[in-house]
Amino acid sequence: MTLDDPAETFRQEAQDVLEQLERALLDLDAALDDKDLIDCAFRALHTIKGSGAMFGFIEVAEFVHEFETAFDRVRRGAAAPTVGLVRVALAAKDHIANLIAEPNVHAPAGLPILARLRDIVGNGGEDAEQAQTASGTSKNDATTHVKGVEVEWRIRFRLPEDALSLGANPVLLLDELRALGECNVRADTAGLPRIDDIDPEVCYLSWDVSLRSDCSVNDIEDVFLFVQDGMKLQIEAVPDPRSEAPFAIDAPREVARPQTAKAEKESGPARESMSLRVPAERLDELLDRVGELVIAQARLSQIAVESRNPSLLAVNEEIERLSAGLRDTTMGIRMVPIGTLFSRFRRLVHDLSSQLGKDVDFITSGEQTELDKTVIESLADPLVHIIRNAMDHGQEPPEIRMAAHKSRRGTVRLSAVHEGAEVAITISDDGAGLDTERIRRKAEDSGLITPGATTSEHQLHQFIFHPGFSTAEQVSALSGRGVGMDVVHRTMEALRGRIDVISQRGQGTTVTLRLPLTLAIIEGMLVRVGQSRYSIPLSAVEECVELSQATDGSRGRNFLNIREKLVPFLRLRELFATKAPDEQHPKVVIVSTGDQRVGLVVDQILGNNQTVIKSLSRLHSDIETFAGATIMADGTVALILDVAHLVRRGQRFESRLRKEQEERAA
Amino acid sequence: MTKIARDIAAPPSGETMLALTLELGGEIFAIEASRVREILDMVPITEVPNAPAFLGGLINVRGRVVPLADLRVKFCMERPPPDADTRIVVIEIALDGEPMIVGLLADRVHTVADIALSTLEDAPSVGMRWRQDYVQGIARLNEQFIILPELGRIFSNDGAKGASPDVEERT
């Protein structure tokens, strides 16, 4: 990442800091008297103000300055933190984000927010500043001063040697000092080496500034906020000429500074210094390349085996090992803990619960669960819809909850957990649950089930995700459940994931999203049907069995007996309308998703391979049987079976058959 | 390619279109040259079960999985199996505003030619065996009729859910 556009760098940094701020505010909402959280929020504001001004985001800096002033009062104990404060502060945080995005458009919207802030913390502005000065200086008489009285300050500073290469500009610092009051600046050239030894990137000068201003020592320190690591700074108030014995207030400060600076760093995310920001596209590119490498390696491997040349085989083995390692590392880079996504929803729940007048606790777990970053990104929208629904329609208002002998506060839980090659994300509420009867009626009306058919509650509940099931009229019929559910459905289809709904009337609803760990590379089992080869994701394969003559012969009975359990099977030859003549000894590959299984009858099992998943073009988007395609070692394309789809198909098949049997029995 | 384009750049008055001409079912079609990415010899085609015959296959183009389209289906032509002259023309089309790569099966590829747009005529509303909206226009080159297919229309009819009204066999 180059620093070509400092404004862009600021935007990215500010985004991180704003996230920190939001997290602190939301935490504060739950623990109003936690002083650390207030400090944390204050630090975040301070950082945004400073860097905003540095990069020319004047509107941002001005707004944040006021915001910070208000918060400073809270920090100093002059105003008590309240839920109301948190709410306004969150609104202010949103405003900052808007300001950073489009300073000119949003600037006027800030005034009412500031007015509310001031209302809450008492008188802002001047008062706060005085309080700050007063409390900040109670220990040391030297800095006691009242705004309005000009004092002469003597400031001596020397930047760390690497400050220039890190982007500090002493001219700007001096300008900032000049903005505080009348300045007399003198550069100290004593540190300059001989001209031959000068490194143009090293700052050799130090400065001695005398400043006449009514500012406080904090204001002066603020100037150096972003360069203070490793710098030498001395601030003295020059006493009135009439008084005697000059005193330096800064002896202790100077020693203390590096420590405080360090402490601030540590309280932030600790690993930050070790991480590197990389544009997402570069990672995608890298993964593409690795994908190609894996394919090329497979071809090489085939040639090596055919050649039987021992040295070629040895090299091939080496490359195989390396490319597998490279693949795993690359995949690892793309894995991101899902916690980054969860934190966004805390805000959503916070806002919704005050909007809707429902007290709701939001509990998250499994934030450390890692998922491919593209999966995480595309999960944001569906989760918003599900959580919204849980809050809006799932949770009852407090009175109704009390009447139903439930606790006044509702709970919405969001959790993520690894289950084999999948990640399960669960959103559960303890609200009213789904209205099964209404769903049944709706499903009957829209012809999804025949009236009076025996359908289990569980099956009925899945209909809320049925495409086309949730249009406007149906939303009201289902008391709103279903809003955006088709968004969820479509996203999950695209991610090759599955949705499961469990609901108990009066007890709440649990929605589980199951997703593959990654979208890019999987292990596949290669099978042959007729002339064509297909890949089945190995993570879904349970076992392979022979299709016995007896089972094969009875065309009507498409069930296998696997250890006393009936498993329906699909003949891929029939499904794919294969024209090639029938073959002997077909095999059955048993695949599963969750606890549902289906057998796929194939002509031959060819073996395992590494599969780089390429999605099918939009021209083939209506073909459901395939999750994508892959390029095999010989350069030809093989289709990847969509196991979830096939299992559903098998289940439908099974339920139809069972119904027929029941009818026959009746 | 750009070199050729420069050499035969048209005088400002008579506008021309640089196009690749190819043969399908005995007719000559022209594809705008700027759309063409490359021309491939026949490669193994992976059949997509249950896909419409027009888009019945997938091919590997430099590590990309690319759908292979057979325009002969859309123009109701005989579809003899590929022979030594069969080529795949890889082109870029815009589908719903997004660019996309597809392969076109061609019985043979002729040349890159400058087609004078002055010779271009609208597709006749009668006397044509094909759906009128599949043809952008008919031009003339060396005393031959050349069909300019309306690729946007041809592809948007399939792919997306809107099934095309014309009867199509499925592979």
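Residue numbers start from 1 in every chain, and the chains themselves are labelled A, B, ... in the order their sequence lines are given, proteins ahead of strands. The structure displayed is predicted, hence computed values, not measured ones. What you see below is based on every heavy atom in this structure, not just the backbone, and it leaves out hydrogens, waters and symmetry mates.
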Practice task
Check whether B:I101 gets within reach of chain A through its side chain, its backbone, both or neither, counting any heavy atom under 4.5 Å.
Solution key: neither
Handout entry: Ring centres under 6.0 angstrom apart (A:F576, A:F626)
Key = yes
Handout entry: Pairing of B:R72 and B:E78 as salt bridge, 4.0 angstrom limit
Key = no
Handout entry: A:T636 side chain to A:R533 side chain, donor-acceptor N/O pair below 3.5 angstrom
Key = yes
Practice task
Could you pull out all residues at least two apart from B:D122 that satisfy side-chain hydrogen bond (donor to acceptor under 3.5 Å, both in side chains)?
Solution key: none
Handout entry: chain B contact via A:T578 - which portion, at a heavy-atom distance below 4.5 Å
Key = neither
Practice task
Against chain B, label A:L575 side chain, backbone, both or neither, depending on which of its atoms sit under 4.5 Å from a heavy atom there.
Solution key: backbone
Handout entry: Per-residue contact mode, B:V43 against chain A (heavy atom under 4.5 angstrom)
Key = neither
